[in-house]
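As structure tokens, the structure follows; a few thoughts come after it.
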Amino acid sequence: MPAISATAPGKLILFGEHAVVYNHPAIAIPFNGVHAKATVFATPIAPTGRVRIEAQAIGLDQTLDQLAADHPFAIAIHGVMKTLGIHWLPACHIRITSSIPIAAGMGSSAAVSIALSRALATFLGHPLEDSAVNVIAFQVEQQSHGTPSGVDNTVISFGRPVYFVRNQPIEFLMIREPLDLLVADSGIAAATGPMVAGVLQRFQADPETYGTYFDQIANLVKQARTDLESSAGVHLGPLMTENHSLLQKIGVSTPELDRLVEAALDAGALGAKLTGGGGGGNIIALVANNQIEKATQALLAAGAHRTWLLNLPRYKEPAS
Ligand code: MEV
């Protein structure tokens, strides 16, 4: 039996992170510059039910029954089995690799569960719909991050830009004109869960001020949507930079991220902001085509560990 592989991209939040946890909208896009991959090999001479899981990057090489029940891989595998109504697995070896930086706001955990769920279900002869993969990945996210909005698993499962509101039907976003985005890594890892918990604490201490910040972010997200769908992104840059100011106010930026945002703007970027949970991780900058090289050099000089260029293509509304 041939090995079965599946991949899942990373993701970037263009607007609305954190506020999205409080039922406000966010805009997120898949990021194909990085991806997670899961490969399932049949191991016919191993006893039935022996599932070996190997993820070298995190030093993991164990069988499924050795994993804690609340381990993300165990939740994803049991989620696939439950969805398919399967009570045992044929012996197999699952290898997980990923080029998505961990704890960097790029959806690494969601992408791994999605690649794993897809590869396993296909190996079992029942490829899953995107919506079914999304449900499983959300269960994993809930276990790993406490109160996730679901935006990461949604944009990665469907692999296209979304206008996302928690607990609402998914809305795919049209992108009328292609955009060039530079992504720059601060090199600082910061897990999302504690960042979300910190915002919650500050919100509880001062709901009025934080409520106003979230409303202001929501307003930017709505303007950005209109701009992306109707005006070809011409106002997007300033909206991004405003979103970054509000993320500073809710306490999720850092001096390193601010320095990268400033460097991008000084080099002529149209707008820039941190992306994801903050505390570290990445910034994104919207750049005109002729500013890409200059902005890239400026970001590296300002301490970026690496940069990626994302050419976001046009997206039309899906047929249904
Ligand atoms: C993380 O990618 C985005 C946050 O808004 C958390 C979430 O939506 O679950 C910070």
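Read the numbers this way: they start at 1 and go in the same order the structure lists the ligands and their atoms.
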Item to check | Listed once per pair and sorted, the ring pair (Phe, Tyr, Trp, His ring centres under 6.0 Å) pairs that draw on residues 253-304, sequence neighbours left out | outcome: none

Item to check | Contacts of type side chain to side chain contact (heavy atoms under 4.5 Å, CB included), residue A190, not counting sequence neighbours | outcome: none

Checklist entry - Which ILVMFWY residues are connected to I75, directly or by a chain of links, through side-chain heavy atoms under 4.5 Å apart? => result V140

Item to check | Sidechain N-carboxylate O distance under 4.0 Å for R225, E171 | outcome: yes

Checklist entry - Can you list, by chain and residue number, every protein residue with a non-hydrogen atom closer than 4.0 Å to ligand 1? => result K11, I13, E17, H18, V20, V21, P148, S149, V151, D152, T192, V196, G277

Next on the checklist: For W308 and F31, take the angle between the two ring planes, folded into 0 to 90°, and tell me which bin it lands in: parallel under 30, tilted 30 to 60, perpendicular over 60.
Outcome noted: perpendicular

Item to check | Centroid separation F172 to F158 less than 6.0 Å | outcome: yes

